[in-house]
Amino acid sequence: METVRIKNIGLRGVTVADTKISFIDGEQGVLLYRGYRIEQLAEQSSFLETAWLLLNDGLPDEQKLHSFSRTIADAGTLPDFVLESLKRWPKEAVPMDVLQATVPLLAISDPDLADETRGGNFRKAARLVARIPVVVASWHRIRSGKDPLPRDPRLSHAENFLWQLLGAKPDPVIARDLDICLVLHADHTFNASTFACREVVSTRAHMYAGVAAGVGALSGSLHGGANAEVMKMLRAVQNEKDVGGWVRRELAEGRKIMGMGHAVYKTNDPRALILKEMSRTLGEKLGQRKWYDLSAEIERVALEEFHNKGKETIKPNCDFFSASVYHMMGIPEDLMTPVFAASRIAGWCAHIIEEKFGDAQGKPALYRPKAEYVGHYCGRTGCEYQPVGERKAGG
Ligand code: COA
């Protein structure tokens with residue numbers, strides 16, 4: 001059989017749906033959520049307002065934002081049976097696995113699980129936005145031999161996340177920076193995890209089934225898992241006398257520099273520019289500038305090397321500087337990707353709703369791409385089957 005070369009491995013550059021949620025211009029370094037520039041949202045909005053924007057196709061008025069914040073606060077307590085289950089799990093479990101395994105438990109506890117109306121899906125989305133950070137924080141407390149902390153009604157969403165995770169009242173500057181990080185990571189068109197969510201719910205599976213798939217996809221090191229890989233790299237090079245030499249060696253030996261390169265951006269990732277500045281200012285505020293300096297030196301040498309090889313389009317992505325930022329906030333390395341999930345949950349839910357109701361293209365559609373078969377082939381009649389005893393050894 002003649003084999004046909006696949007033109008778009010990994011669906012790269014293939015448009016599979018219309019969306020009204022976010023827009024990327026990878027040549028110009030532009031990212032918009034529902035038409036608003038990411039820079040302006042990072043500066044002026046908050047994560048909860050941004051989550052509302054993604055879920056609703058418009059910014060909320062004061063009353064709607066207040067009521068959404070109340071809904072999130074009210075939903076931010078995990079059912080007892082979820083906490084009891086978490087307490088029985090092995091403490092060394094990988095946090096992204098714990099998070100993925102907890103999503104169906106949250107489904108079981110959702111009174112709107114079977115309600116597939118728009119209102120039912122919006123209520124599920126609000127519960128997920130409220131609870132994913134609480135799962136992450138509670139798991140960290142439990143695995144550290146401590147009791148999960150209840151949310152503090154006087155604190156904001158980001159402040160509560162830090163409080164429930166670290167058990168100390170957060171510095172307002174750090175909490176604001178975390179809130180900005182949550183805004184920056186909340187959506188990014190058809191990235192792998194969002195596509196996974198949309199693909200799963202296109203079968204009419206419920207929102208939680210889609211989100212569990214999204215968490216799994218996010219965990220990989222080529223996607224959300226990259227921030228933890230960047231932190232590993234920073235730790236590995238922190239005692240190197242010659243950081244530049246280390247970077248050149250990695251590239252010469254064919255290894256990737258994690259947190260660099262992007263499937264869509266061919267210029268600066270606008271989120272990375274904001275995170276770079278945040279890493280510097282946070283480092284100066286906390287007397288920990290070394291993490292920014294290390295990151296900036298790796299970036300400088302890597303860009304020089306990429307330039308020499310004609311690969312100028314490879315630049316830091318959102319994971320490169322978020323690693324140092326999260327580290328300085330006190331977030332452990334293996335919780336960096338779960339923190340990403342606590343933000344991306346807003347985008348996942350918005351995309352799931354758009355997919356379920358066909359909001360952008362008029363009607364929902366079941367994803368069913370084609371693959372090019374390149375395996376054994378003996379014609380349309382099929383290869384001759386031989387009973388096991390008659391097969392030649394090793395055949
Ligand atoms: N470090 C070194 N080289 C890199 C690189 C990196 N971070 N990212 C891409 N390249 C190189 C590849 O080795 C490849 O070189 P080759 O053509 O000589 O084989 C070329 O650039 C294209 O790489 P490819 O992985 O096919 O590009 P892509 O656009 O499909 O990849 C990523 C996008 C994100 C998968 C890729 O840049 C990557 O793996 N980055 C590191 C992981 C990461 O940070 N992921 C988070 C993304 S937000």
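Both ligands and their constituent atoms are indexed starting at 1 by order of listing.
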Which pairs would a plain distance check flag for residues 76-98, meaning a side-chain donor or acceptor within less than 3.5 Å of a matching protein atom at least two apart in sequence or in another chain?
unit_1, atom_1, unit_2, atom_2, d
S85, OG, F81, O, 2.8
W89, NE1, S85, O, 3.2

What short N/O contacts, under 3.5 Å, does ligand 1 make with the protein, listed by atom pair and distance?
unit_1, atom_1, unit_2, atom_2, d
ligand 1, 1 (N), I257, N, 2.9
ligand 1, 7 (N), I257, O, 2.7
ligand 1, 7 (N), M260, O, 2.7
ligand 1, 15 (O), K311, NZ, 2.9
ligand 1, 18 (O), K311, NZ, 2.8
ligand 1, 25 (O), K256, NZ, 2.8
ligand 1, 30 (O), R12, NH1, 2.5
ligand 1, 37 (O), M260, O, 3.4
ligand 1, 39 (O), K256, NZ, 2.8
ligand 1, 40 (N), M260, O, 2.8
ligand 1, 44 (O), G259, N, 2.8
ligand 1, 44 (O), N317, ND2, 2.9
ligand 1, 45 (N), L222, O, 2.9

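Listed by chain and number, the residues in a ring-ring contact (aromatic ring centres under 6.0 Å, His included) with F47 are H157 (sequence neighbours excluded).
Using a cutoff of 4.0 Å between basic side-chain nitrogens and carboxylate oxygens, K266 and E27 are not scored as salt-bridged. A salt bridge is defined here as a Lys NZ or Arg NE, NH1 or NH2 lying under 4.0 Å from an Asp or Glu carboxylate O, and R131 with D110 fails to meet this definition.
Among pairs with a residue in residues 288-321, those fulfilling ring-ring contact (aromatic ring centres under 6.0 Å, His included) read W291-H327, at least two apart in sequence or across chains.
Rounded to the nearest 0.5 Å, atoms CD1 (I132) and CD1 (I345) are 4.5 Å apart.
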